[in-house]
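Computation of the quantities below employed the complete heavy-atom set of this structure, encompassing side-chain atoms and omitting hydrogens, waters and symmetry-equivalent molecules. The shown structure was predicted, so the numbers you read here are calculated from the model rather than taken from an experiment.
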Amino acid sequence: MAENCLKFLKGTLFIFNFIFWICGCVILSLGIYLLVEYNYGALFPSLPSLSFANIMIIVGAIILVVAFLGCMGSIKENKCLLMSFFILLLIILLIEVVMAILLFIYEKKINEYVQIQLNEGLKMYEWENSTGITKAWNMIQQQMQCCGVKNATDWPQPPKSCCMGNSYSNNSESCSTYYTEGCYRKLAEWFENNFLLVGIATIIVSVIQVLGMSFAMTMYCQIVKNTYPMNL
């Protein structure tokens, strides 16, 4: 009975971590793609590396390592690897909870910081060696159909990417109509519209993490029990 239970746990934990590992590969690949094609992190000159793409790359890499530990721990029935897997998942879960609490508490300050950083990046638009910032602003204004942080008046002279219906790569030297909404408002609306989706995804990930921790600890206890059987 105990041996069958161990085999079931071993197979379940391996399948769980294999799927987890595939998810890590997808997240890592998507993060690299976004970093190459849409480097919006340049909009924040103080923290250029703090972008959604970089966060996805870090998360994907962590998932790959954690899932690998879980797979190897289940296959080898190694107590050390299983315990490491459990501890890492627990640490990640605690970090997620702390980050969620901090985001809720400091929401207003974070919004103010984002606006300050966008304004700083806007001022650096035409600086030398700031092609990343220039490209990021042109891209976000084109794709989100916005202009400036609050509106077009944030620019001394709005760039062509602010032109309504025109691309910044066009040869037109003048623009009669600019996008009226600011990019900060557009970004805020995007997060508000996708808040439910983000919340559901976070809950699903948390449930998966708890299940993984449960399987790992159950298998760990079963291995200990088989290794050191109790003398009744």
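- Two different hydrophobic clusters hold Phe195 and Ile203 under the rule that ILVMFWY side chains link at heavy-atom gaps under 4.5 Å.
- At a threshold of 4.5 Å between side-chain heavy atoms, the hydrophobic network of Ile, Leu, Val, Met, Phe, Trp and Tyr places Ile87 and Met219 in one connected group.
- When all heavy atoms are compared, the tightest approach of Leu93 to Met213 is CD2-SD, 4.3 Å.
- When every heavy atom of Asn151 is checked against every heavy atom of Thr180, the shortest pair comes out as CB-O, 3.7 Å.
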**Request:** Mind running side-chain contact (heavy atoms from CB on, under 4.5 Å) on Leu118 and Trp137 for me, showing each step along the way?
**Result:** CA-CA 9 Å; Leu118 287 174; Trp137 265 108; 4.2 Å; yes

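- Around the CD atom of Glu107, the shell of radius 6.0 Å holds no more than 12 heavy atoms that belong to other residues, nucleotides or ligands.
- How far CD1 of Ile15 is from SG of Cys71: 10.5 Å, rounded to the nearest 0.5 Å.
- A continuous path of Ile, Leu, Val, Met, Phe, Trp and Tyr side chains, each step under 4.5 Å between heavy atoms, connects Ile58 with Phe20, placing both in one hydrophobic cluster.
- Taking 4.5 Å as the limit, every side-chain heavy atom of Phe68 sits out of range of all side-chain heavy atoms of Leu81.
- Residue Ile140 comes nearest to Cys146 through the heavy atom pair O-SG, 3.8 Å, listed as atom of the first residue, atom of the second, then distance.
- By the rule that hydrophobic residues join a cluster once side-chain heavy atoms approach within less than 4.5 Å of another member, Ile92 and Ile19 end up as members of separate clusters.
- The backbone N or O of Met164 sits nowhere less than 3.5 Å from a side-chain atom of Gln145 that would complete a donor-acceptor pair.
- At a threshold of 4.5 Å between non-hydrogen side-chain atoms, the residues Trp155 and Cys162 count as touching.
- Interatomic distance, Thr12 OG1 to Asn17 CG, rounded to the nearest 0.5 Å: 11.0 Å.
- Summarising the geometry, atom OH belonging to Tyr220 is positioned 16.0 Å from atom OG belonging to Ser74; distances are rounded to the nearest 0.5 Å.
- Counting only distance, with no hydrogens or angles, the side chain of Asp154 and the backbone of Val149 share a donor-acceptor pair below 3.5 Å.
- Annotation for Trp21: atom CH2 does not count as buried by contact number, only 12 or fewer foreign heavy atoms lying within 6.0 Å.
- Note that SG of Cys80 is 14.0 Å distant from CZ of Phe85, once rounded to the nearest 0.5 Å.
- By the 4.5 Å heavy-atom criterion applied to side chains, Met56 and Val59 are not counted as neighbours.
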**Message:** Test side-chain contact (heavy atoms from CB on, under 4.5 Å) on Met99 and Leu102; report intermediate values, then the result.
**Reply:** CA-CA 5 Å; Met99 286 183 65; Leu102 291 175; 5.6 Å; no

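- In this structure, Pro158 and Tyr178 approach most closely via the heavy-atom pair CB-CE2, 3.6 Å.
- Between Gln141 and Ser161, the shortest heavy-atom distance links the atoms NE2-OG, 2.7 Å.
- The closest side-chain heavy-atom distance from Asn54 to Ile57 is below 4.5 Å.
- Taking CG from Leu187 and CD from Gln115, the interatomic distance works out to 10.5 Å, rounded to the nearest 0.5 Å.
- Of the candidates Ile95, Leu94, Leu89, Ile91 forms a side-chain contact (heavy atoms from CB on, under 4.5 Å) with just one, namely Ile95.
- For Cys25 against Leu64, the heavy-atom pair with the smallest separation is SG-CD2, 3.5 Å.
- Between Cys183 and Cys147, the two SG sulfurs stay at or beyond 2.5 Å from each other.
- Side-chain contact between Glu181 and Lys150 is absent, with no heavy atoms from C-beta onward closer than 4.5 Å.
- With contacts defined as side-chain heavy-atom distances shorter than 4.5 Å, the pair Asn78/Leu82 does not qualify.
- For the atom pair CH2 of Trp190 and NZ of Lys186, the computed distance is 14.0 Å after rounding to the nearest 0.5 Å.
- Cluster membership check: Leu30 shares its hydrophobic cluster with Ile63, using side-chain heavy-atom separations under 4.5 Å among Ile, Leu, Val, Met, Phe, Trp and Tyr.
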